[in-house]
Amino acid sequence: MGSPLEGTLELFGNYFFEVASLLIASSALIYAALALRVAKQALVSAEHSDLAALKLRAQDQRARAQRSFLSLQSACHEMRSRWDVYHSRHYPTLGSFDSRRNDTRHISEVEREGRKLLGPIERELPEDRALNSDLLEDYILRADQTAVQIEQLKLRLSPPKPIIA
């Protein structure tokens, strides 16, 4: 019989490929587990990033609706000024205040309607703990529609008609 070293070398030679493939397969499994963990972390990070982007868009749409309302208020103020100039030029100083109020009533109604449209948008921004992408996308859509509706209210303001003499 041969030396123990020859037996070990023969055993090692017979099973070398099996041992090597077992080591390679083990390292591949470890690498796959690490890659899976990294992929899960990347997915969570991407979801947080998307949610942050939607939050930002929701705040932008809210600000747009608020700017639309401020623009409406400015247009109402300018229209009231035009009516005041009209009344001061074409009506007696002690004229009927009811007719003046009737002429400018639509301005107050338009402004009140704009405030009513903006109210839910200002109050209903979804809370941080209840945030999900569906709620935010719905809020963004409603805020955008509200901004458009408020902008359209400006079209209902009517200036005084010139008196042709």
What donor-acceptor contacts under 3.5 angstrom involve side-chain atoms of residues 30-48, with partners at least two apart or in another chain?
none

Show me the donor-acceptor pairs within less than 3.5 Å that the side chains of residues 145-153 make with the rest of the protein, sequence neighbours left out.
unit_1 : atom_1 : unit_2 : atom_2 : d
Thr146 : OG1    : Arg142 : O      : 2.8
Glu151 : OE1    : Lys154 : NZ     : 3.3
Glu151 : OE2    : Ser68  : OG     : 3.0

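Legend: residues meeting side-chain contact (heavy atoms from CB on, under 4.5 Å) with Glu78, ordered by chain and number and at least two apart, are Arg82. Every salt bridge (charged side-chain N to carboxylate O under 4.0 Å, His left out) that Arg156 has, sequence neighbours left out, goes to Glu113. For His106, the side-chain contact (heavy atoms from CB on, under 4.5 Å) partners are Trp83, Leu157, Ser158, not counting sequence neighbours. By the ring pair (Phe, Tyr, Trp, His ring centres under 6.0 Å) test, Phe17 is found to be paired with no residue, residues two or more places apart in sequence or in another chain being considered.
In plain terms, the two heavy atoms of Ala65 and Ile121 that are nearest each other are CB-CG2, 4.4 Å. In terms of heavy-atom proximity, Cys76 sits nearest to Val110 at SG-CG1, 4.4 Å. For the pair Ser133 and Leu51, the tightest heavy-atom approach, listed with the atom from each and the gap, is N-CD1, 4.0 Å.
Without hydrogens or angle criteria, Ser26 side chain to Leu22 main chain gives a donor-acceptor distance under 3.5 Å. Tyr139 contributes no side-chain N or O that, together with a main-chain N or O of Gln61, makes up a donor-acceptor pair within less than 3.5 Å.
A salt bridge (Lys or Arg N to Asp or Glu O under 4.0 Å) check over residues 57-77, counting only residues at least two apart or in different chains, returns the pairs Arg64-Asp144.
Of the inter-residue distances, the one linking Gln73 atom CD with Leu118 atom CG reads 9.0 Å to the nearest 0.5 angstrom. How far OG of Ser71 is from CZ of Phe69: 11.0 Å, rounded to the nearest 0.5 Å. From Leu54, atom CG reaches atom CG of Asp134 across 9.5 Å, with rounding to the nearest 0.5 Å. The structure places CG of Asp50 at 11.0 Å from CG of Leu136, a figure rounded to the nearest 0.5 Å. Rounding to the nearest 0.5 angstrom, the gap separating the CG atom in Leu135 from the CG atom in Asp138 is 7.0 Å. Here the NE2-CD distance, from His77 to Glu111, works out to 10.5 Å after rounding to the nearest 0.5 Å.
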